[in-house]
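Only one structure is covered here, and it is reproduced in the block below.
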2 protein chains.
Amino acid sequence: MLTERQLLILQVIIDDFIHTAQPIGSRAISKKDDVTFSSATIRNEMADLEEMGYLEKTHSSSGRIPSEKGYRFYVDHLMSPFYLSVGDVKRIHNMFGDRMMEFERVVNKSAQVLSDLTNYTSIILGPEVFETELKQLQILPLNAHSAVAILVTNTGHVEHRSFSIPVGLDPQDLEKIVNILNEKLKGVPILQLNKKIESEVVDLLKKHTKDYQKAEQYIQAALFNEQPTKLYVSGKTNIMMQPEFKDIEKVRSLFSMIEEETQIAPILRSQAHGINVMIGKENEHEAMRDCSLITASYSLGQQHMGTIALLGPTRMEYSKVISLLNELSNQMSKTFKVWYQNS
Amino acid sequence: MLTERQLLILQVIIDDFIHTAQPIGSRAISKKDDVTFSSATIRNEMADLEEMGYLEKTHSSSGRIPSEKGYRFYVDHLMSPFYLSVGDVKRIHNMFGDRMMEFERVVNKSAQVLSDLTNYTSIILGPEVFETELKQLQILPLNAHSAVAILVTNTGHVEHRSFSIPVGLDPQDLEKIVNILNEKLKGVPILQLNKKIESEVVDLLKKHTKDYQKAEQYIQAALFNEQPTKLYVSGKTNIMMQPEFKDIEKVRSLFSMIEEETQIAPILRSQAHGINVMIGKENEHEAMRDCSLITASYSLGQQHMGTIALLGPTRMEYSKVISLLNELSNQMSKTFKVWYQNS
DNA sequence: TGTTAGCACTCACATCATCCGAGTGCTAAT
DNA sequence: ATTAGCACTCGGATGATGTGAGTGCTAACA
C-alpha cells in the first residue's frame, strides 16, 4: 500500500521526531544520508502520507509530525529492533544476581532502574496473590489488648496486621485457635482460605473454644482486611522534563490519575499478556490522551503474576522501551521461577 | 516597636494575601471593615513597614506583599488562633476510633486526611524503631534454598526479609540458630541488637553449630539489611494548584527533592519537638526557597517517635495548619500511648 | 503634628502592527 | 516521474502604544 519511498520517509520523520520533538520539514529530510531524492519530491510524498493519515501538521506551513496512526504503523511494521547496550542489560541482570531477594524490593528496584534507563515513568503492578498458598499463620500477642497477625505465603510474601484482642477472649483459646488455623490452613491457596475456614475450621472452633463468637471476630480482623495489590511507581518527575508537558494542568491531571490506585491498577490489570502498546487516544483515560503506555507481563510458570508498564509521551522511544521491557519481564519471570517454582 | 495601626495593617495584608495571592494596595485595605483611616495614611504606614522589612513590592508601583520577615512576625506574634471545624476534628478522630489499628495504616491515612483538609502536601516520617524492643524473631524456610526472616517489635511493627539460605547450611543448625537468637534477644532494644549478638550470642553459636561462618552470614542477611525509615507523602498534586507553582521547573525540583528520601527525611528528623515553622529561605534546601514547612512531632510517652509535616507555599494558612497539626499529633501520641505504653 | 485629598508618575500587562524565516503547495521545466 | 523555482502561509519574536492599578509626594486641613 505504501511505496518503499514512503516507508522510508515515514520512518525518517518518526525517528527524528522521537528525538527532537520538533516538526520536520522536507529540506531536513532530504539531507539525511539514505535519502537521495529532492525536497520537492518529499513534499509530494508527505502530502500523500498526510492524506492517508500517517502524518499531521501543527499549522498550515509547518513541517510534519507523526499522527497516532503513524506511530501505530511504526510500532507494528516499521520499527527497527533496538539493541540494548551491554551496560543496560547488566544493570537489569544485577538486580537479580544480588542476595537482595526480597520480592517487594526487586520489584521496587526494577521500577527505579526502568525509569532511570528510559527517562519515562515506570509503573509496576505487584504480584497478585491469587495462586499462592499459605505457608504459615501466626498470631502474636503484644500486650493485654493488642496482637499482630502474620501471614506468610509460599512465595515469601508476608502480610501482617495489628488488631485489638476482643475483650474477654481467653488467652488459652487464643493459642488453640492459632493451632487449629495453622493445622487446617497450611498449604491452602489464599483465594480459598475463606471457603476452607467455613467448611472445615468453624466446627472445630466451636468445639474447642469457649466463646466461638469472639474467635470468629478475631479471625475476621486478622485475615480479611482488604489488601490491595501494591503499585510501584518511579520517575514521576521524568514526565515533567518532556517538552509536551510544559503545561502544568496536563501534568496535574496525569499525576492525579497515577496517584489514584483505583484508576491506574485496573488499566494495567486488563492488559493482555506479553507486550502491549497503547498509543494516545487508544488509552481510554482522559488524562492519557497524549501519552503512550507500554506494558509487559511477568509470570511464575504459566501463572500470570503482574504487569510492568512505562508511561511517556506518544513521542516515545518505542523500540528501546520494548526491548527493555522484554528483557526485564523475562528476567523477572526466570528469577521467580528459580525462587519459588519448586517450593 | 510597631504601632497598633501598623500591626493592624500588616495583619490585614497577610490575611488577605494568604487567600488571594495578589498584591494588595492601599485603597483595598482602606475598604476593610476594621480600617478607619484613609488610603493615604495607609500608604505612609506601608512605606514604613516596607522600610522595616515586613513588606515587599513586586515592582515599583504595585501593591504590597508580605516578606518572609513579615510572615515570621505574623506567625510569632500576629496570627489569630484558628478554630477547627467540627467536621475536620471528627475526621481526625475517626481515624483512630476504628478497629483499623495497623500502625502504618494510621500514619498513611493521616497523611491523606491532612493533605485533604489543607490542600497542601503532607509528609509524615514514620516511627523510628530506636527504643522499641524485639518481641520475636522467626525464620521460616520456604524451600530448599530460600527463607524469610520475620522480626516483630513490642510496638507491633513487623519487618521481614527474604534471603537465600547459604549453601550447605545444615537444617538442624538453622533451627538451633533461631532458638538461640530468640532466647537471647527477646526484649532487647533494636538499637542494641548488634552489640548483644556480639557479646552473648556469638560464642553460643560457635559452640552449638557446625559451621559458624555460614551461620554468621545467615544472621547478617536476615537482620541487618538497612531498613530506612518509612516516609508517607500525600497530596503532591496539591502543590501544582498553587498559583506560585505555575512554573514546571520549580515543581520539578521540589518533587525530585520529596521523592528522594535521603533528602527530605533528615530535614524532618532534625526538627525540634513540638510545632516548628520554617519559612522560605529558612529552609536550607534550594528547592524549598519559596515554600514553608510546618512540622509537628508525635511521641510515645516521653519518647519522640516521628514527625508530621505540611509543605506549601510561603503564603500558607499558617493558623489553620498549625491547629490541624496540633490536633493530629496529640491524637496520634494519645492513641499510641493506649496501644503500646503498657506492653 | 498627624491625617488626608489631589496629582503626577511608574510599571506590568494586554493589544496591535510589523518583520522574519522555515516550510508548504503549485507550476513549469527537465 | 522528478525537481527547481516562486508565491504564499503562519508562528514567533520584536517593538510601539494604551490602560489601569497603585505609588510617593506635596499641600491643605483639623
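Chain letters run A, B, ... following the sequence lines, proteins first and then strands; every chain starts at 1.
- The list of ring pair (Phe, Tyr, Trp, His ring centres under 6.0 Å) pairs with a residue in residues 2-36 of chain A, not counting sequence neighbours, is empty.
- Residues satisfying the side chain to side chain contact (heavy atoms under 4.5 Å, CB included) test with B:S323, not counting sequence neighbours, are B:F82, B:L84.
- Counting only residues at least two apart or on different chains, the ring pair (Phe, Tyr, Trp, His ring centres under 6.0 Å) pairs with a member in residues 245-297 of chain B are A:F255-B:F255, B:H273-B:H304.
- Between B:Q6 atom CD and C:dG2 atom P the separation is 13 Å, expressed in whole Å.
- By the side chain to side chain contact (heavy atoms under 4.5 Å, CB included) test, B:S253 is found to be paired with B:A287, residues two or more places apart in sequence or in another chain being considered.
- Computed from coordinates, the A:H59 NE2 to C:dG23 P distance equals 9 Å when rounded to whole Å.
- A search for side chain to side chain contact (heavy atoms under 4.5 Å, CB included) contacts involving A:Q22 returns A:T20, not counting sequence neighbours.
- Contacts of residues 8-22 of chain A with DNA chain C (heavy atom under 4.0 Å): none.
- More than 12 heavy-atom neighbours from other residues, nucleotides or ligands sit within 6.0 angstrom of CZ on A:R91.
- In this structure, A:K250 pairs ionically with A:D290, as a charged nitrogen and a carboxylate oxygen lie closer than 4.0 Å.
- Applying the 4.0 Å criterion to OP1 and OP2 of D:dT3, one finds that A:T41 has a side-chain N or O inside that range.
- We find that CD of B:E45 is positioned 19 Å from P of D:dG22, with the value rounded to whole Å.
- For B:R27, the CZ atom is loosely surrounded, since the number of other residues' heavy atoms within 6.0 Å does not exceed 12.
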> Tell me, for nucleotides 24-30 of chain C in 5' to 3' order, what letter each nucleotide earns: B for a base near a protein heavy atom under 4.0 Å, S for only sugar-phosphate near one, - for neither?
Replying inline: BBB----
Polar atom pairs between nucleotides 27-30 of chain D and protein, under 3.5 Å, N or O only, would you list them?
none

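- Here the straight-line distance linking atom OG1 of A:T36 with atom CG of A:L8 works out to 8.5 Å at 0.5 Å rounding.
- In this structure, the CD1 atom of A:I65 is 14 Å from the P atom of C:dG23, given to the nearest Å.
- Within the 4.0 Å cut-off from OP1 or OP2 of D:dT2, at least one side-chain nitrogen or oxygen of A:R5 is found.
- A:E259 pairs by the side chain to side chain contact (heavy atoms under 4.5 Å, CB included) definition with A:K236, B:K236, B:T237, not counting sequence neighbours.
- Here D:dA1 presents its P atom at 18 Å from CD1 of A:I42, a figure rounded to the nearest Å.
- More than 12 heavy-atom neighbours from other residues, nucleotides or ligands sit within 6.0 angstrom of CD on B:E249.
- Between the P atom of C:dC11 and the CD atom of B:E56 lies a distance of 17 Å, rounded to the nearest Å.
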Every protein N/O within reach of nucleotides 16-18 of chain D N/O, cut-off under 3.5 Å:
none

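- Listed by chain and residue number, A:T41 satisfy the side chain to side chain donor-acceptor pair (under 3.5 Å) test with A:S38 (two or more places apart in sequence, or in another chain).
- Pairs of residues two or more places apart, or lying in two chains, that qualify as side chain to side chain donor-acceptor pair (under 3.5 Å) and include a residue from residues 75-84 of chain B are B:R72-B:D76.
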